[in-house]
Amino acid sequence: MTTVPDYFGSMVFDSRVMKARLSAEVYHSLKQTAQKGTKLDLSVANAVAVAMKDWAVENGATHFTHWFQPLTGVTAEKHESFISPAPDGRVIMEFSGKELIKGEPDASSFPSGGLRATFEARGYTAWDPTSYAFIKDKTLCIPTAFCSYGGEALDKKTPLLRSMEALNKQTLRVLRLFGNSDVKRVCPSVGAEQEYFLVDQSMYNRRKDLMYTGRTLFGAKPPKGQELDDHYFGTIKPRVAAFMEELNTELWKLGILAKTEHNEVAPAQHELAPIYTTANIATDQNQLTMEIMQKVAAKHGMVCLLHEKPFAGVNGSGKHNNWSISTDTGVNLLAPGDTPHENAQFLLFLVAVIKAVDDYQGLLRAAVATAGNDHRLGANEAPPAVISIFLGDELTAILDSIKTDSPYNGIEKRKIKLGVDALPRFTRDNTDRNRTSPFAYTGNKFEFRMLGSANSIACANIMLNTAVAESLRVFAEELEAASDFNAALHELIKRTIREHERIIFNGNGYDDAWIREATETRGLLNLRTTPDAIPMLIEKENMEMLLSHGVYTESELRSRYEILLENYCKIVRIEALTMIDMVRKEILPAVASYVADLVSVAGAKKALDAEIPRNYEQKLIMRLSRLNEAIDGRTDLLEASMIKLDTMGDLAREAAWIRDDILPKMGELRAASDEAETLTAEAYWPFPTYGDLLFGVK
Ligand code: ADP
Ligand code: MG
């Protein structure tokens, strides 16, 4: 294995391997299953299982696992070895179709939000043949969905696959209206850009906050942060470069098309972007990417922080979810075409997305709501919690001229008649480099930028796929009933622009004036925190829409509502407890011991000679003693608030209490501690500072 093409995908049981190892018949029926969802029979599964096992064993695998994505947001696996006893006392390596298709992990400890009664605590995993199996750590990993025996989805993959199906169905309906009969299947394409921080392992090990919560709960601003913008696209440090090189190799072996890598805005922050693929595979690959980033970082003496806001006052990390709809004939339905006909179709898909984002803002916001992401979206950082769409000036002008039936400058001052006139070729808008828009059209795709760096991208894509499917369903219904298709199309597009233009905003989303305009004039939602956003999942209209497309059942949605709120509460609870622990065991004693030394210096000076000035010591003793009192007092207040939390009884009340009382108290405690840090001699401070962490990797 020397060159990249030699080893790219070498650990993936992909089409290439399948073609080589399966009979034409088996290969064909497997493809049918993957592409059309036809049922797989056991003889085919058996043949695939044997081929998969042989391939895996030849590549060093000893175990297999059903790899799935429970509602915790990480991936889960339970390894079983291929070993089977043979009559002669030796072992053989075995793997059957049944084991491939279905697994029964003892999954009673995964969150189910009440979906799984205890008497049937064992959900089952079912092979997803649309995503390739792969080898990781000598284990053949089989991507699977995870369901309860009642058939309810206990994972993120199942609703994602259902949402892709809904989008496929409604898109095909619309395409047929345009006379298109060759397209048999459409799929959302997704490219997820991943941001992360790298910090030194030995420093990380000395910070309980990073170890327990993934973010710093204390830390004064260093003299230098990101203000010089000298890190962005700057040269990559040798240790980081070595990490990136190994990361790429590992990802390439797994067939993940990691393509670009660069430094991000903040010091120690980086980004990785893969080449886009179908939403399902992109989701699996993003989970794998996050996992492998952490493993490779450890090998290089570093820790990869995926938290949305590891450092206060420094840019947080997100994930840009690039999304479009591709046909099996290779057409991107969100790319403007060359002919009037193609353009009319493009505009219809464009306004379908606009309508979807406006109608289901709440669901999109809920899909990215986590305790970690609240530090970005709800705070003074781009993108804001208000969802709006950036289209760029040219496309906006085109929509404006359609809306008002007025001439568009770009085409010789004529009115645009859809289906008849060619649209002007508009250039990709580059005015969006400020990156403040939460949802931007970037030439041939939409970029949903509100996802948190640690989030699975599944939920965002489930909501996006389904909301757009719903727009297309409404459109199809109207157009199917029309007698004059072109006239109806024109009217529909015009009306949709009118009804949903409030969601279009090309300005600076970071601006306070925008937030006021968005909420007060335009009536857009501003769901700043997770407890505000999560109830959107069970809001009547949202729920009915998701149910009508068969993406969730009501109990599945209610269970997700519970799990997400519970998760929020658990995370902040751990953070608060970690703070209390660090204050009492590290910060207060450190400051006290510094003060004690100052006192003894001041005392010695006094004993020596009453004339020796000791103003410096006395002032500092006063300031630090007051601060230590404040820190101690605020810790007690936080602790009391935590005790009160335990009496709330109800999840929604708990989450609200955390938002309104615990988090502000944590902020106050932190402020006093950070001030103490700035006054305490370096040698006394108990853990690495922001400066150490952010500039510590060379
Ligand atoms: P930029 O960095 O300017 O946003 P890139 O071309 O680098 O744009 O793309 C960023 C991400 O978007 C990559 O992951 C890329 O594969 C993905 N992407 C590009 N085209 C599409 C598309 N049609 N659908 C979905 N994702 C896409
Ligand atoms: Mg991008």
Side-chain angles (χ1 to χ4, degrees), residues 8 160 163-164 167-168 171 183 185-196 232-233 244 247-248 251-252 254-265 269-290 293 315 317-337 342 345-346 349-350 352-353 356-357 382-383 389-392 395 426-451 453 455-458 460-465 468 506 509:
F8 184 84
L160 178 63
S163 74
M164 290 168 68
L167 184 67
N168 173 56
T171 306
V183 175
R185 191 160 184 92
V186 304
C187 226
S189 295
V190 171
E193 300 165 66
Q194 175 75 47
E195 290 180 336
Y196 59 97
Y232 193 48
F233 288 108
M244 285 178 171
L247 175 64
N248 279 339
L251 294 176
W252 289 338
L254 288 167
I256 299 173
L257 284 153
K259 189 151 161 69
T260 54
E261 54 189 29
H262 58 79
N263 290 347
E264 264 300 327
V265 180
Q269 193 184 28
H270 311 280
E271 181 189 292
L272 180 140
I275 292 176
Y276 67 94
T277 172
T278 64
N280 181 32
I281 295 179
T283 304
D284 286 355
Q285 291 192 340
N286 183 251
Q287 293 298 125
L288 268 177
T289 301
M290 291 194 283
M293 276 177 167
N315 264 25
S317 299
K319 191 132 57 184
H320 291 175
N321 189 83
N322 294 272
W323 183 93
S324 67
I325 313 174
S326 309
T327 69
D328 58 354
T329 53
V331 178
N332 174 357
L333 296 174
L334 290 178
E342 284 166 354
Q345 184 182 298
F346 159 69
F349 282 105
L350 184 77
V353 178
V357 174
I389 299 181
F390 170 92
L391 286 182
L395 195 49
F426 49 90
T427 43
R428 179 177 165 160
D429 205 300
N430 281 319
T431 57
D432 188 39
R433 286 299 155 194
N434 64 27
R435 307 242 153 193
T436 63
S437 176
F439 203 97
Y441 180 70
T442 47
N444 62 355
K445 62 186 191 282
F446 278 96
E447 192 167 333
F448 186 23
R449 298 178 178 150
M450 291 172 91
L451 289 76
S453 47
N455 256 191
S456 153
I457 63 170
N461 286 298
I462 293 168
M463 297 311 172
L464 202 48
N465 294 341
V468 174
N506 293 324

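Note that this is a predicted model, so its numbers are computed, not measured. Remember, it's 1-based here, ligands and their atoms both numbered in the order they're listed.
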Sub-4.0 Å atoms of ligand 1 with respect to non-hydrogen atoms of I275: 16 (O)
Atoms in ligand 1 with a heavy atom of G191 nearer than 4.0 Å: 14 (O), 26 (N)
Heavy-atom side-chain contact between L272 and M293 under 4.5 Å: yes
Numbered atoms of ligand 1 (with element) below 4.0 Å of N332, judged on heavy atoms: 23 (N)
Location of contacts on E193 toward ligand 1, heavy atoms closer than 4.0 Å: side chain
Residues in side-chain hydrogen bond (donor to acceptor under 3.5 Å, both in side chains) contact with N248, at least two apart in sequence or another chain: E261
Pick from A258, A273, P274: the one approaching atom 14 (O) of ligand 1 most closely through a non-hydrogen atom: P274
Student check: side-chain heavy atoms of L167 and V468 closer than 4.5 Å: yes
F439 and its side chain to side chain contact (heavy atoms under 4.5 Å, CB included) partner, picked from F390, W323, F446: F446
F8/L257 under side chain to side chain contact (heavy atoms under 4.5 Å, CB included): CA gap, chis, key distance, verdict: CA-CA 9 Å; F8 184 84; L257 284 153; 3.6 Å; yes
Shortest reach to atom 8 (O) of ligand 1 by a heavy atom, considering only K445, E447, Q194: K445
Partners passing side-chain hydrogen bond (donor to acceptor under 3.5 Å, both in side chains) against T289 (at least two apart in sequence or in another chain): none
Short N or O distance, Y276 and ligand 1, threshold 3.5 Å exclusive: yes
Sub-3.5 Å N/O-N/O distance, A192 and ligand 1: no
